[in-house]
S.K.: 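Here it is, the structure, as structure tokens.
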Amino acid sequence: MGLTDLPGTLIAGVWRQPSGRAALVTLGLIVAVALAGPPFLPDPAAQPDVLGQASLPPGSGHLFGTDPLSRDVLSRVVGGARVSLAVAGLAVLVSVTIGAGVGLVAGYLGGTVDAVLMRLVDAALAIPRLFILLLLLAVWDRIPLGALILIMGTTGWFGTSRLVRGEVLRLKQEAFVTGAEALGAGRARVMFRHLFPNTLGPLLVAATLGVGDVILLEAGLSFLGLGIQPPRPSWGGMIFDAKAELLTAPWTSIFPGLAIAATVLAVNLLGDALSGALDPRQS
Amino acid sequence: MSRVLEVENLRVTFPAGDGRRVAAVDGVSFSLDRGETLALVGESGCGKSLTSLSLLRLVPAPGRIEPDSRIRLADTDVLALEGDALRAIRGRRIGMIFQDPMTSLDPVFRVGDQIAEGILAHFPVSRREARERAVALLRETGIPDPAARADAFPHQLSGGMRQRVMIAIALAAEPEILVADEPTTALDVTVQAQILEVLDRLRAERGMAVLLITHDLGIVAGRADRVAVMYAGQIVEEAPTAALFARPSHPYTRGLFGSIPRLTGPVERLRPIPGTVPSPAAWPSGCRFRPRCPYAFEPCGREPPRNDVGPGQWMRCWLEGEQR
């Protein structure tokens with residue numbers, strides 16, 4: 001379909017912007033290391049029972065040093081990248097799917113359906129997300145990874161649904177929607193075949209920025225012990241574990257902190273560059 | 001001549017805000033025979049586009065077609081259809097071309113796929129077959145290199161080509177009626193002529209009936225068999241095209257002709273119609289053209305009768321005989 005050359009055009013548009021280029025390179029590097037790195041690194045969970053291997057500074061055979069349990073910090077940061085990126089990606093996929101569906105239905109059908117859905121969204125937006133998360137996560141002693149993803153996904157779509165609804169309200173005025181109806185297209189067809197692809201641009205920007213949000217949120221939750229459960233490595237969890245050694249072995253918290261900052265910054269820059277690439281006035 | 005469309009007393013109303021409903025189309029009746037072209041002429045806001053959207057029941061909310069209206073497609077009562085039955089006539093029985101080819105095509109799909117969509121919606125054919133038919137339709141509209149154009153996105157085509165694509169889309173499901181709502185308004189004059197040419201040729205080849213909606217009397221001459229002139233939600237005069245041009249009868253129709261520059265004959269000042277079209281909420285009682293009419297006299301405060309003025313020609317006016 002016509003959407004096939006969208007990715008190419010977008011990547012080219014992002015690449016033209018210096019910040020977009022930096023974001024692509026950084027993210028590409030992080031993803032590549034997360035995907036390909038582990039076989040070349042020590043097991044992040046391994047605690048070699050070797051005296052004198054604990055809290056080693058960077059260098060000395062361990063590029064990022066070791067933590068107090070003598071685990072390799074680099075391999076834990078890389079393992080954390082896998083988990084963080086996967087969790088963020090899946091959670092955003094869930095929230096974007098729900099948000100786009102609700103926004104499409106509300107915007108296209110309008111009337112009572114729209115009013116009811118949007119009032120529900122208003123109500124949900126009035127409650128802080130962290131509060132809902134803490135409430136839901138309190139159910140488990142040890143939160144299963146799948147549940148964590150689902151919960152973060154299902155609490156993150158409210159803004160997206162508003163965005164998509166707004167786009168749909170604008171697109172509904174365009175003649176091609178009436179045109180599709182005049183050809184005998186049904187509601188579902190108009191919504192998913194004509195309206196949805198036309199909202200993909202803003203949706204993609206929102207999703208990208210959403211990934212940054214979720215990474216931060218997950219790190220925060222993990223820091224509170226409510227996110228990803230040990231021994232599975234997570235950036236937030238590593239910082240939490242390292243807080244006692246903040247002064248004696250700062251590398252144990254600096255590297256996961258840098259990983260969070262670099263990833264979120266790159267993702268946000270990518271989001272900005274995407275919205276720039278989608279804006280015809282800038283091309 | 002077989003009758004393909006019959007519209008009787010069509011009324012489309014909108015809420016006025018004070019609980020009343022205002023009729024933007026108020027008692028429009030016309031019919032269409034197989035193979036003929038009827039032009040619906042009027043200024044913006046006279047209700048001609050709403051009339052055309054009504055035929056497919058696409059009047060935008062909160063507008064509503066009043067229940068005492070009648071739209072019959074040969075044997076089908078359009079106003080009684082719902083759901084799948086309604087969708088089955090859209091595109092299949094009545095095809096529609098919209099005014100602005102810039103916004104009437106979906107920007108994210110190749111035009112060939114958009115034509116194929118209309119085919120797939122109504123015929124049980126494979127994608128490959130639909131695509132072949134789409135290319136054939138593009139060829140019929142006179143697009144050069146149709147197979148390559150089918151792969152183009154709307155923004156890669158010129159206005160004239162896009163309008164040809166729109167025509168191909170409207171014809172995709174082989175409708176018996178083609179509604180062309182200001183099909184050339186957004187185009188250059190030379191391209192306008194080409195598009196009208198294409199429409200006329202396809203009408204003749206396919207034996208379709210065409211409802212040509214326009215504000216431009218210039219494109220009506222030589223294209224339409226009959227002309228219906230609309231003013232303020234009503235048809236004020238209907239006549240065979242030649243008769244209308246030879247002897248426009250309703251003061252509004254005469255006003256329209258008076259405001260068109262002519263290339264032949266002595267140079268005259270254009271005589272624009274004074275005033276503007278009132279909004280539907282402010283239509284006067286009796287004859288709606290009365291406030292702007294140079295001939296207005298006492299009876300015009302009452303609803304004017306349908307007044308026959310010649311073979312196939314009638315108007316909604318109190319003027320008679322010598323008074324005209």
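To find a chain, count down the sequence lines: A is the first, B the second, and so on, and within it residues start at 1. Worth saying up front: this structure is predicted, and the values here are computed from it rather than measured.
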S.K.: Locate the shortest heavy-atom distance separating B/F109 from A/R193; write the atom from each residue and the value.
M.R.: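 Shortest heavy-atom separation between B/F109 and A/R193 comes out as CE1-O, 2.9 Å.
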
S.K.: Before giving the answer on side chain to side chain contact (heavy atoms under 4.5 Å, CB included), spell out for B/L53 and A/T178 the whole-Å C-alpha distance, their side-chain angles and the decisive distance to 0.1 Å.
M.R.: CA-CA 9 Å; B/L53 288 173; A/T178 316; 4.1 Å; yes

S.K.: How many angstroms lie between CG in B/L120 and CG in A/L183, if you round to the nearest 0.5 Å?
M.R.: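 Those atoms lie 11.0 Å apart.
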
S.K.: Is it the case that atom CZ in A/R187 sees more than 12 heavy atoms from other parts of the structure closer than 6.0 Å?
M.R.: no

S.K.: Where on B/A173 is there a heavy atom nearer than 4.5 Å to chain A: the side chain, the backbone, both, or neither?
M.R.: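 The answer is neither part of B/A173.
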
S.K.: At a heavy-atom distance under 4.5 Å, which candidate from A/A175, A/G110, A/G184, A/G179 has the highest pair count against chain B?
M.R.: A/G184

S.K.: Give the member of B/M96, B/E117, B/H122 that has the highest number of heavy-atom pairs under 4.5 Å with chain A.
M.R.: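 Heavy-atom pair counts peak at B/E117.
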
S.K.: Select, from B/I94, B/V179, B/L105, B/L56, the one with the greatest count of heavy-atom pairs under 4.5 Å involving chain A.
M.R.: B/L105

S.K.: Nearest 0.5 Å, please: how far is CG in A/N198 from CG in B/D106?
M.R.: 4.5 Å

S.K.: Among A/E174, A/K172, A/E181, which residue has the highest count of heavy-atom pairs closer than 4.5 Å to chain B?
M.R.: A/E181

